[in-house]
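Whatever order the structure lists them in is the order used to number ligands and atoms, beginning at 1.
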Amino acid sequence: MIRITEQQVRLQAQAEDKQGAIRQAGDLLVRSGCIETGYIDSMLQREQVANTYLGNGIAIPHGLPRDQELIHRTGIAVLQLPAGVIWNPGEIVHLVVAIAARSDEHIDALRRLTRVLGDMAAVERLIHTTDPRDIIEALTGERPATPSAVADYTAFFEAVIQNRTGLHARPATRFVELARGFQAAIRVRYGERVADGKSLIALLQLGVERGATIRVSAEGPDAAQALATLQEAIAAGLGDELEPLPARDEKIPGAVPRWAPRSAAAIYSGLGASGGLAIAPLQRYRRERLEVADQPGNPASEGLALQHALDAAQAELDQLYEEVRARLGSSRAAIFRAHREFLQDAELIQEAVRLIYAGHGAAWAWQQAISRRVNQLQQLDDPVLAGRAVDLSDVGERVLRHLLGVSAPGAFPISGPVILVADDLTPSDTAALDPDIVQGLCTARGGPTSHTAIIARSQGIPAVVAAGEGVLALADGTPAILDGFNGRLYVKPSEADLAEARTLQVQLQQQEEAAQGQRFAPAVTRDGHHVEIAANINRAEEVPQALAAGAEGVGLMRTEFLFLGRAAPPSEDEQYAAYCAMARALNGRPLIIRTLDIGGDKQVPYLELSAEDSSFLGLRGIRLCLVYPDLFVTQLRALYRAAACGPISIMFPMIATLEDFAQAREYAERVRRELNAPRLPLGMMVEVPSAVLLAEEFAAEVDFFSIGTNDLTQYTLAMDRLHPQLARQADALHPAVLRMIARTVEAARAAGKWVGVCGGMASEPLGAALLVGLGVSELSMTIPSLATIKAQIRSRSLAELQQLAQRALRCRTAEEVRAL
Ligand code: PEP
Ligand code: MG
């Protein structure tokens, strides 16, 4: 018996004519891998020589017998056309049952279909049902389990979404764009839920968060290629730019100044979405609401009007994308590409058209379709998706303006500096703001990951979001201070407070400028203790930027980037070229290259390891290299050859036992002897509690330690570093982690060994201060943190930092440490 999947049924479709309907039904067969595209032509040709109208609103188009070789396997696809399409004069079709038959498996379905034919009520039900399973049951006699039981296709890969805000609008747009370039049908599974990989809205509704694993499956002629492309794109961030963000975009908790006015008439608390202090009168941002009356017209001309409005909105979005890209860069502009993608969402447009054919005006129908989707997104109770709801309304309104013939809102009619107060701002609103006029932003709703927040950060406008409805009642012109660091809006502060805030504002500005101006000065404490400052970068092209930001070397080059998102590992020569280029670019400055740290959140397809086998507690880092010696030896050969290009140290990740290190060193030595290369310093990452507990023993073996606070925190506190709900608690400043670090440093010092830190804690001002106080020699960090951390070290004495560290070690909670 034939199997029909939900992917092979399209509900509430519309078609202008019979040919269009046949093409759509044929497309479903192509996407499910049943036929070659050419078979659709064959189906159209068949109509010239035969009538496929079956009766009672049902037609069964199929191709010419001579084109059978264009069929991969027998299949049936169903197009439901509630509004109908003229098949032949006097014959209207509502159900198109397209058949591609290689064998007689479909005969049973046809028999059932003819039985349905005689039952007008049953046909009516099928024409109007909103559940594809009704149609599948009518044709196969079997009802698929539940909608959530949509199966994955047999070819698939799994990937961890590492984007900061999960699979949100920008990366999802990129995914859909890529997916649409393939004929194969693509599904994305997140837990129990499955979405069509070519529908942006469906993908967003999955609510995939950062750190989540999704399964992408595909079926069709180019399925393998589609999967390879999508996997590579996910590993590369799906267009979320890898370029370092500007310094103010980095979350630096320790740098948050704690300031509060002594008297204010009212204080509104929200979330700090963009750091900085703004001092200005409030101004409510008002957007006129578009009134939409239902004015039904001829469905064909209403449909055409919708089409024109969609085209016009798309053209506008293209222009806006180019404008914002020129001004703020492509990552900031990408949201307008996502908006454009919303306008191509077949389900959304189908819903509007269905409403038009049900007797409504185009503007009303569009508004309904949009608001239903917006409500669906809002009901998911997910702050990221609530942000996407704003995007969808924004797009909806753009189209609506064209349908109603209302011009776009002009430039915001304000003069002089203001703090803008709004319910929520759309990306279109925010992109149009002039930072010279708009000193700060405060929204009643929204979240820190909304595009409004992202655009505000990149424009350098301090912002507070989710401050509550109360802010909307504040009168225009009310004096206020907005604290974007701590998420506060202070209303009617006293003159003394205003003066204090202005002073602080100037100080912050000066501090930032001074740190930048002094970025090349070494990080020497006031009492003369020198701390080495290095950058965590992976590519030679990043070296000029790192050096220009004040780096003195590279403390961590993660080599995984060479191995991810590809079908086979890089060759020895390719690796050699990358390592040598890095060493040459550094021109004699120190470079620590870490051997492959695959596993955990970083997976490669060619090792064919399951995510469980190579989980955070499985074959990861050095363990994996020891199980795949070919991979390891190739990398070691490339490293020892590259040593001729500059001073390289080799570091092994995830060392948990003395045997791990001994074996890794043995491989390295063997390779070195084979190549007759010089000895290189061999160090290890300290990122597993067992390595800390055996630090004395390890110190006797290694040339250096580099502490990976990201993993050390995860393994010490047993908190998955990617778990969204544990993000706040998995704090590297927890006293348990600090005591681990202190122990490591003591063991190293006793053995006269060098200790650096290359985990995220080194990029945080408070973290860096504690690390110096604990006796670490080097801090290796992200580029935007370099100048600030160096300036901070210069402003303190070692004695002071040592005292601070001792106090921190005695704390009981991370909160107590942060309060120091
Ligand atoms: C760490 O664990 O702190 C570290 C620097 O390594 P990664 O983040 O690459 O695991
Ligand atoms: Mg690590």
Notebook entry, point to check: Short question: side chain of R594, backbone of M651 - any donor-acceptor pair under 3.5 Å?
Noted result: no
Margin query: For Y576, does the six-membered ring have the charged nitrogen or CZ of R641 within the cation-pi criterion, i.e. under 6.0 angstrom from the centroid and within 45° of the normal?
Written below: yes
Margin query: I want to know if ligand 1 touches E560 in the polar sense, i.e. an N/O pair below 3.5 angstrom.
Written below: no
Margin query: Can you report which non-hydrogen protein atom sits closest to atom 6 (O) of ligand 1, along with the distance?
Written below: R594 NH1, 2.9 Å
Next item on the list: Check each atom of ligand 1 against the heavy atoms of R620 and keep those under 4.0 Å away; list them by number with element.
Entry: 10 (O)
Next item on the list: Just give me the atom name: the N, O or S atom of E687 closest to the Mg ion (ligand 2).
Entry: OE1
Notebook entry, point to check: What do we get for M654 next to ligand 1 when only non-hydrogen atoms under 4.0 Å count, side chain, backbone, both or neither?
Noted result: neither
Item checked: Contact check, side chains of I234 and I214, non-hydrogen atoms, under 4.5 Å -> yes
Notebook entry, point to check: Does a donor on one side chain and an acceptor on the other come within less than 3.5 Å for Q635 and Y667?
Noted result: no
Check: In terms of atom number and element, which parts of ligand 1 are under 4.0 angstrom from non-hydrogen atoms of D711?
Finding: 1 (C), 2 (O), 3 (O), 10 (O)
Notebook entry, point to check: Of the listed options (G760, S780, A762, G708), which comes nearest to atom 1 (C) of ligand 1 when hydrogens are ignored and any heavy atom counts?
Noted result: G708
Item checked: D711, N/O/S atom nearest the Mg ion (ligand 2) -> OD2
Next item on the list: Examine the proximity of ligand 1 to L556 and report which part, side chain or backbone, both or neither, has a heavy atom under 4.0 Å away.
Entry: side chain
Check: Is the closest side-chain heavy-atom distance between R620 and D597 below 4.5 Å?
Finding: yes
Checklist line | Atom indices of ligand 1, in the order listed, that fall short of 4.0 Å to a heavy atom of R558 | finding: 4 (C), 5 (C), 6 (O), 7 (P), 8 (O), 9 (O)
Notebook entry, point to check: Looking at C758, which atoms of ligand 1 are within less than 4.0 Å of one of its heavy atoms?
Noted result: 5 (C)
Note to self: So F705 and K753, do their side chains get closer than 4.5 Å, heavy atoms only?
What the structure shows: no
Next item on the list: Return the residue, atom name and 0.1 Å-rounded distance of the protein heavy atom closest to atom 8 (O) of ligand 1.
Entry: R721 NH2, 2.7 Å
Checklist line | Heavy-atom closest pair, residues S706 and C758 | finding: OG-SG, 3.3 Å
Notebook entry, point to check: For ligand 1, which atoms sit closer than 4.0 Å to a heavy atom of M685?
Noted result: 4 (C), 5 (C), 6 (O)
Check: Strictly by modelled atom types, are S785 and T782 linked by a side-chain donor-acceptor pair under 3.5 Å?
Finding: yes
Margin query: Main chain of E572, side chain of Q575: is a donor-acceptor contact present, judged purely on distance under 3.5 Å?
Written below: no
Notebook entry, point to check: Considering only heavy atoms, does M761 approach ligand 1 within less than 4.0 Å through its side chain, its backbone, both, or neither?
Noted result: neither
